[in-house]
**Student:** 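My structure is below; once you've seen it, I'll send some questions.
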Amino acid sequence: MSDHALVVGGTRFIGRHTVEEFLAHDYDVTVFNRGNHDNPFANTEGVTHHEGDRTDDADLADAAALDPDVVIDCVAYKPREVRTATRVFDDVDAYVFVSSGSAYGDEEIPKREDDTRLCECTDEQAVDDSPASYGPRKAEGDRAVFAAAERGVNAMSVRPCIVYGPHDYTARTDYWIDRVRNHDRVVVPGDGSNVWHRVSVSAVAEALRVVAEGGQPGEAYNVGDRRMLTLGETVELISETLADAGVADADVEVVTAGERELASAGIGMEEFPLYRSYPHVLSTAKLADLGWDPISVEEGYRRAVEDHLDSDRTGRENGPDREDTERVLGVLDTL
């Protein structure tokens, strides 16, 4: 008899890949969500759908009655939801909460699970829905996991950094793929060397399974690509990947622009997706010790580019307009 994984969420991005990961490792999988999005597994053998609202305690109890061995919680965004889930699923073999690298409260290189301080979370932030409270809410969710483990619950946490790959509805990476695909000169903020750790969604899905199977209760595990790229290197890799697919030239010119040049078009550095002034780097050694062996960054971006070409996403809403960056190019060309 196969083990049974319950994926809370499961049809959009991280959850979708998590379902596929557990299926590929011979689990029966139940997707638990409200059914607000198309179910890509509607006709997939080994996957069932249980409709319900994870914020409704009765619905969550109904899902627990399905008797899963493993619970992967992809859509817990408030601490209360984690506290409730760890109470309802207190007898499973593994409850894994999808947290975030944003949970860290200190800027260190690298951020380590057992050393770097987490964000504090006020009562107001705990019930807030704004992006500003996202990190504190995830940090408090981690604390709920740690408290549950102290009560004997097999609860663990996985902290991804920026996630990219097929079905990424945030379209942050799509912004850069679209630029490289359609233009031979691409403006990159700063000197192109900034680092914001990113991770392929398939590597996150693998991490969730590996932690469920071998992680220790009360522990958190960072997940990020094993090799990090600067933003400039990311644009260059996207260019090479598009060239390999036969849809763009490989010799795109990365044009770096500082604050003054960008200001000539009314653009701020932080308006570009995937730009961060201070490096964000997560140590993944703890996860690797469990046997996690993710795909390469080259394969991760190959999959992201392939999916972009098959989608209608452009990501243009995530960053400066092309007309504005053309103005910046004009200024740079006069220097």
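Index from 1, following the sequence.
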**Student:** Return yes when atom CZ of Arg185 has more than 12 non-hydrogen atoms of other residues, nucleotides or ligands closer than 6.0 Å, and no otherwise.
**Tutor:**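 Above 12, so yes.
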
**Student:** Ignoring hydrogens and geometry beyond distance, is a side-chain donor-acceptor pair present between Asn222 and Thr284 at under 3.5 Å?
**Tutor:**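 Looking only at side-chain atoms, Thr284 and Asn222 do not form any donor-acceptor pair under 3.5 Å.
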
**Student:** Determine whether the side chains of Asn154 and Tyr95 contain a donor N or O and an acceptor N or O closer than 3.5 Å.
**Tutor:**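 Their side chains do not contain a donor-acceptor pair, so the 3.5 Å distance test is not met.
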
**Student:** Do you know which two heavy atoms are closest between Gly9 and Asn33, and how far apart they sit?
**Tutor:**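 Nearest heavy atoms, Gly9 then Asn33: O-ND2, 3.4 Å.
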
**Student:** Does Asp174 come within less than 4.0 Å of Arg316, counting only side-chain N to carboxylate O?
**Tutor:**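 Answer for the salt bridge query: no.
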
**Student:** Determine, for Glu298 against Arg302, whether the closest basic-nitrogen to carboxylate-oxygen distance falls under 4.0 angstrom.
**Tutor:**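 Not counted as a salt bridge, because no side-chain N and carboxylate O are separated by less than 4.0 Å.
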
**Student:** Is it true that the NZ or CZ of Arg12 lies under 6.0 Å from the centre of Tyr169's six-membered ring and within 45 degrees of the ring axis?
**Tutor:**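 Ring-cation test returns yes.
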
**Student:** Inspect the contact between Arg112 and Glu108 and indicate whether a charged nitrogen and a carboxylate oxygen are less than 4.0 angstrom apart.
**Tutor:**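 A salt bridge is absent here (no side-chain N lies under 4.0 Å from a carboxylate O).
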
**Student:** Is it true that the side chains of Ser102 and Arg159 contain a donor and an acceptor less than 3.5 Å apart?
**Tutor:**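 Ser102 vs Arg159: no donor-acceptor pair found between side chains.
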
**Student:** Which residues pass the ring-ring contact (aromatic ring centres under 6.0 Å, His included) test with His17, not counting sequence neighbours?
**Tutor:**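 Only His167 meet the ring-ring contact (aromatic ring centres under 6.0 Å, His included) criterion with His17.
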
**Student:** Going by the angle between their ring planes, with limits at 30° and 60°, are His50 and Phe32 parallel, tilted or perpendicular?
**Tutor:**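 Rings of His50 and Phe32: tilted, as their planes differ by 30° to 60°.
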
**Student:** Charged N to carboxylate O under 4.0 angstrom, Glu140 versus Arg143?
**Tutor:**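 Result for this pair is yes, salt bridge flagged.
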
**Student:** Start with the C-alpha gap between Tyr27 and His4, add the side-chain angles, then the distance that decides, and say whether side chain to side chain contact (heavy atoms under 4.5 Å, CB included) holds.
**Tutor:** CA-CA 6 Å; Tyr27 284 76; His4 176 203; over 6 Å; no

**Student:** In plain terms, say whether Arg327 and Glu323 are close enough for a salt bridge, that is, a side-chain N and a carboxylate O under 4.0 Å apart.
**Tutor:**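 Salt bridge between Arg327 and Glu323, a charged N being under 4.0 Å from a carboxylate O: no.
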
**Student:** Say whether His197 and Lys111, considering side chains only, have a donor N or O and an acceptor N or O under 3.5 Å apart.
**Tutor:**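 No, Lys111 and His197 have no side-chain donor paired with an acceptor closer than 3.5 Å.
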
**Student:** Would you say His49 and Thr30 are linked by a side-chain donor-acceptor pair, where the criterion is simply a distance under 3.5 Å?
**Tutor:**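 His49 and Thr30 do not have a side-chain donor-acceptor pair below 3.5 Å.
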
**Student:** Taking it one step at a time, do Asp142 and Ser157 satisfy side-chain hydrogen bond (donor to acceptor under 3.5 Å, both in side chains)?
**Tutor:** CA-CA 6 Å; Asp142 282 336; Ser157 170; 2.5 Å; yes

**Student:** Taking atom CD of Glu107 as the centre, does the number of heavy atoms from other residues, nucleotides or ligands within less than 6.0 Å exceed 12?
**Tutor:**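 Atom CD in Glu107 is crowded, with more than 12 foreign heavy atoms closer than 6.0 Å.
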
**Student:** Using 4.0 Å as the upper bound for N to carboxylate O, is an ion pair formed by Arg313 and Asp307?
**Tutor:**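 Judged by the 4.0 Å cut-off on N to carboxylate O distance, Asp307 and Arg313 do form a salt bridge.
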
**Student:** Taking atom types as modelled and ignoring hydrogens, do the side chains of Tyr134 and Asp129 form a donor-acceptor contact shorter than 3.5 angstrom?
**Tutor:**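 Tyr134 vs Asp129: no donor-acceptor pair found between side chains.
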
**Student:** Where do Tyr301 and Arg198 land on the side-chain hydrogen bond (donor to acceptor under 3.5 Å, both in side chains) test, with the steps shown first?
**Tutor:** CA-CA 11 Å; Tyr301 276 94; Arg198 296 182 289 278; 3.0 Å; yes

**Student:** Between the side chains of Asp59 and Arg34, is the shortest nitrogen-to-carboxylate-oxygen separation below 4.0 Å, so that they form an ion pair?
**Tutor:**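 No, this pair does not count.
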
**Student:** Around atom CG of Asp106, are there more than 12 heavy atoms of other residues, nucleotides or ligands at under 6.0 Å?
**Tutor:**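 Yes, CG of Asp106 has more than 12 neighbouring heavy atoms, counting only those of other groups under 6.0 Å.
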
**Student:** Under a 4.0 Å threshold between the charged nitrogen and the carboxylate oxygen, would Glu113 count as salt-bridged to Lys286?
**Tutor:**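 Salt bridge flag = no for Glu113 with Lys286.
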
